[in-house]
Amino acid sequence: MVLGQRSDPTFLWRLWTLLGRADRVVSNRLSTPVLYAAHLGADVGVYGDALRIDGEDDGQYERVRGLWPELHAEHADQAMAQSVANAELGIASMRAPQELAVLLGWHRPTVVPGIRYWSTSVVQRAVINLHRRSAAPVSVESGAPGGLSHLAWLRGATSYLPRPLPRVIPAAGAEVEPLHLG
């Protein structure tokens, strides 16, 4: 976890800063950093002993290799790698910040949708959990379905809701250093 938590608002900024300094990026598995590096014009390569995720069969790695053979070489053709990366990252669909704010509805007050989201979605989730739990036996100790206390059951209904991100966002043009392993 060199770059920190994915929920950190500076995660992608640190990744971009780290990759922006690299002349060459290699990996033994095709991943997002390889695509970002190719987009930035770095020499990229995906080769070596294949990194496999626990429980993954050999077919998954071969499937990825078959979908993006252009990137699976010791030195991928830079122009081809950049073209593939740009398509995968959706560079042609990027929007200016102002246009993106309008498309996402961020240009108008979000109080009503926010209240609706934080109130009705909790109720909807609780109803779903109630239906699921109605089939589970009731615990004699807690009196709740499936042996959970009522508080734990309600906490489960709200646990999926997004949490606010910290408000630490780098100023435009500021460099954010990658986290260092100690």
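The first residue of the sequence shown is numbered 1, and numbering continues consecutively from there.
Checking side-chain atoms of E70 against main-chain N and O of D77 turns up no donor-acceptor pair under 3.5 Å. When atom types are taken as modelled, the side chain of S83 and the backbone of A79 share no donor-acceptor pair closer than 3.5 angstrom.
When hydrophobic clusters are built by joining Ile, Leu, Val, Met, Phe, Trp and Tyr residues whose side-chain heavy atoms come closer than 4.5 Å, directly or via intermediates, V102 is not grouped with L104. Note on L103 and I91: separate hydrophobic clusters, where clusters join Ile, Leu, Val, Met, Phe, Trp and Tyr whose side-chain heavy atoms are under 4.5 Å apart, directly or indirectly. Linking Ile, Leu, Val, Met, Phe, Trp and Tyr whenever their side-chain heavy atoms come within less than 4.5 Å puts W16 and L12 in one cluster. Hydrophobic cluster membership is shared by L71 and L89, with clusters built from Ile, Leu, Val, Met, Phe, Trp and Tyr side chains linked at under 4.5 angstrom.
Rounding to the nearest 0.5 angstrom, the gap separating the CG atom in L40 from the CZ atom in R21 is 12.5 Å. Atoms OH and CG, on Y61 and N28 in that order, are 7.0 Å from each other to the nearest 0.5 Å. Going from atom CG of L15 over to atom OG1 of T10 covers 11.0 Å, rounded to the nearest 0.5 Å. Rounded to the nearest 0.5 angstrom, R24 CZ and D43 CG are separated by 4.5 Å. R29 contributes atom CZ, which lies 13.5 Å from atom CG of D49 (distance to the nearest 0.5 angstrom). Within the model, atoms OH of Y47 and NE2 of H75 stand 6.5 Å from one another, a figure rounded to the nearest 0.5 Å.
Applying the salt bridge (Lys or Arg N to Asp or Glu O under 4.0 Å) criterion to E88, with sequence neighbours excluded, gives no partner residue. In this view, A76 and V44, A81 satisfy the side chain to side chain contact (heavy atoms under 4.5 Å, CB included) rule, not counting sequence neighbours.
For the pair V46 and L30, the tightest heavy-atom approach, listed with the atom from each and the gap, is CG1-N, 3.7 Å. The minimum heavy-atom distance linking A85 with H39 is given by the pair CB-N, 3.8 Å. For L19 against P33, the heavy-atom pair with the smallest separation is CD1-O, 3.4 Å.
Within the 4.5 Å cutoff, side-chain heavy atoms of V64 are placed close to those of H72. Side-chain contact check for Y36 versus V25: every heavy-atom pair is 4.5 Å or farther apart.
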